[in-house]
Amino acid sequence: PYVNTKEILERANKEFYAVPALNINNLEFLQAIIDAGVEEHSPVIIETSEGAIKYAGNGDIKLGAKLFVSMVESYARNVDIPVSLHVDHGKNFKIIMAAIQAGYSSVMIDASEFPFEKNVAETKKIVEIAHSLGVSVEAELGRLVGIEDNVAVESHEAALVDPDEAKLFAEETGVDFLAPAIGTSHGAFKFKGEARLDFARLKKVKDLTGLPLVLHGASSVPEDIKKLAETYGADFKGAKGVPGEILAESVKFGINKVNTDTDLRMAFIASLREFLSKNPGEFDPRKYFKTPKELVKNVIRERLRLLGCSNKA
Ligand SMILES: O=C(COP(=O)(O)O)NO
Ligand SMILES: [Ca+2]
Ligand code: NA
Ligand SMILES: [Zn+2]
């Protein structure tokens, strides 16, 4: 069934596991996610960035939002796992409103680049509108910067979430789930040295807010996927993600939603490169997208198990 993200995350919060939030831009990734959830008897959270909404709507954001809601809601009705649809990194009021009106389960208002007071004001505004329409809200505190090696440079300290601010933020905004910056960053090149997240800081945010917490920039960039892509011509030198054991550790300290985009993209392109080089005569997209979808599905299945949300449907 199609559910509200809050329902999925409240249970995860109570039972100490995490649910991946999986970014899509098209039909194939959505199919891979639904299949992974069904095969693992697991809830799944589908999320679309503002760019994805523009992409699907061919520039028309209302159309894009409606298209994603109808696709996700239709597939969700067809399976017996909880599925929700979320706006990732909402910054543009018009796009957030289009998504809420189209029927998204939840939206992120990302005002994390602004000073605390403005972040509070922006988030509060969206929370009031969203809650009046039964939509749940995510916000972010701190900025996504990798903690270089073990030297938490001055500027990085300033970028990471302040746990006391997080408590105040939660009280003042009424936000449903919170993304505390603890050392991750988006994309495939997250760390130059050792991957390290600030778990002490994370635990403080959890203790002080009690909210379901979100880890952004959570892709692992699995070694086998990277190698497969490079075998077939990709140049992913220096790509490094959050190791699986660190992701599992973050769940122990209170992470309940794990934003995953890069790993799906890397799996898809690695498998597509392999398929195309082995099948030079193929030109049916239902064929050349089949094994990429399979690999994306299997990467997601593994992540569902790692995060403890398999069999939680
Ligand atoms: O945070 C993310 C995705 O992060 P990755 O690039 O690590 O998949 N989306 O909001
Ligand atoms: Ca941000
Ligand atoms: Na998000
Ligand atoms: Zn993010």
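Position 1 is the first residue of the sequence, and the numbers go up from there. This structure is a prediction, so every number in the text was calculated from the model and none was measured. First listed ligand is number 1; within each ligand, the first listed atom is number 1.
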Pull out every atom of ligand 1 sitting under 4.0 Å from any heavy atom of His89, numbered as shown with elements. 10 (O)
Work out whether the distance between some heavy atom of Met108 and some atom of ligand 1 is less than 4.0 Å. no
Return the option from Lys190, Glu47, His86 holding the heavy atom at the smallest distance from atom 7 (O) of ligand 1. Lys190
Residue-level breakdown please: for Asp88 versus ligand 1, do any non-hydrogen atoms fall below 4.0 Å on the side chain, on the backbone, on both, or on neither? side chain
Thr260, portion touching ligand 1 at heavy-atom distance under 4.0 Å: backbone
Can you find an N/O atom of Asp263 closer than 3.5 Å to an N/O atom of ligand 1? no
What angle, to the nearest 10°, do the atoms NE2 (His186) and ND1 (His216) form about the Zn ion (ligand 4)? 130°
Check whether the ring centres of Phe199 and Phe253 lie less than 6.0 Å apart, and answer yes or no. yes
Quick one about Asn23 and Asn259 (side-chain donor to acceptor, distance below 3.5 Å, no hydrogens or angles considered), yes or no? no
Cut-off 3.5 Å, side chains only: do Thr123 and Thr173 have a donor facing an acceptor? no
Does the N or O separation between Asp261 and ligand 1 drop below 3.5 Å for any pair? yes
pair Tyr104-Phe68: side-chain heavy atoms closer than 4.5 Å: yes
Relative to ligand 1, is Ala188 under 4.0 angstrom through side chain, backbone, both or neither, heavy atoms considered? neither
Report the relative orientation of the aromatic rings in Phe268 and Phe29; use parallel for angles under 30°, tilted for 30 to 60°, perpendicular for over 60°. parallel
Tyr2: partners by ring-ring contact (aromatic ring centres under 6.0 Å, His included), with sequence neighbours left out: none
Could you check if a side-chain atom of Pro20 sits within less than 4.5 angstrom of a side-chain atom of Cys309, using non-hydrogen atoms only? yes
With a cut-off of under 6.0 Å to the ring centre and 45° to the axis, is Lys125 in cation-pi contact with Phe93? yes
In ligand 1, which numbered atoms sit nearer than 4.0 Å to a non-hydrogen atom of His216? 1 (O), 10 (O)
For ligand 1, which atoms sit closer than 4.0 Å to a heavy atom of His186? 1 (O), 2 (C), 3 (C), 4 (O), 6 (O), 9 (N), 10 (O)
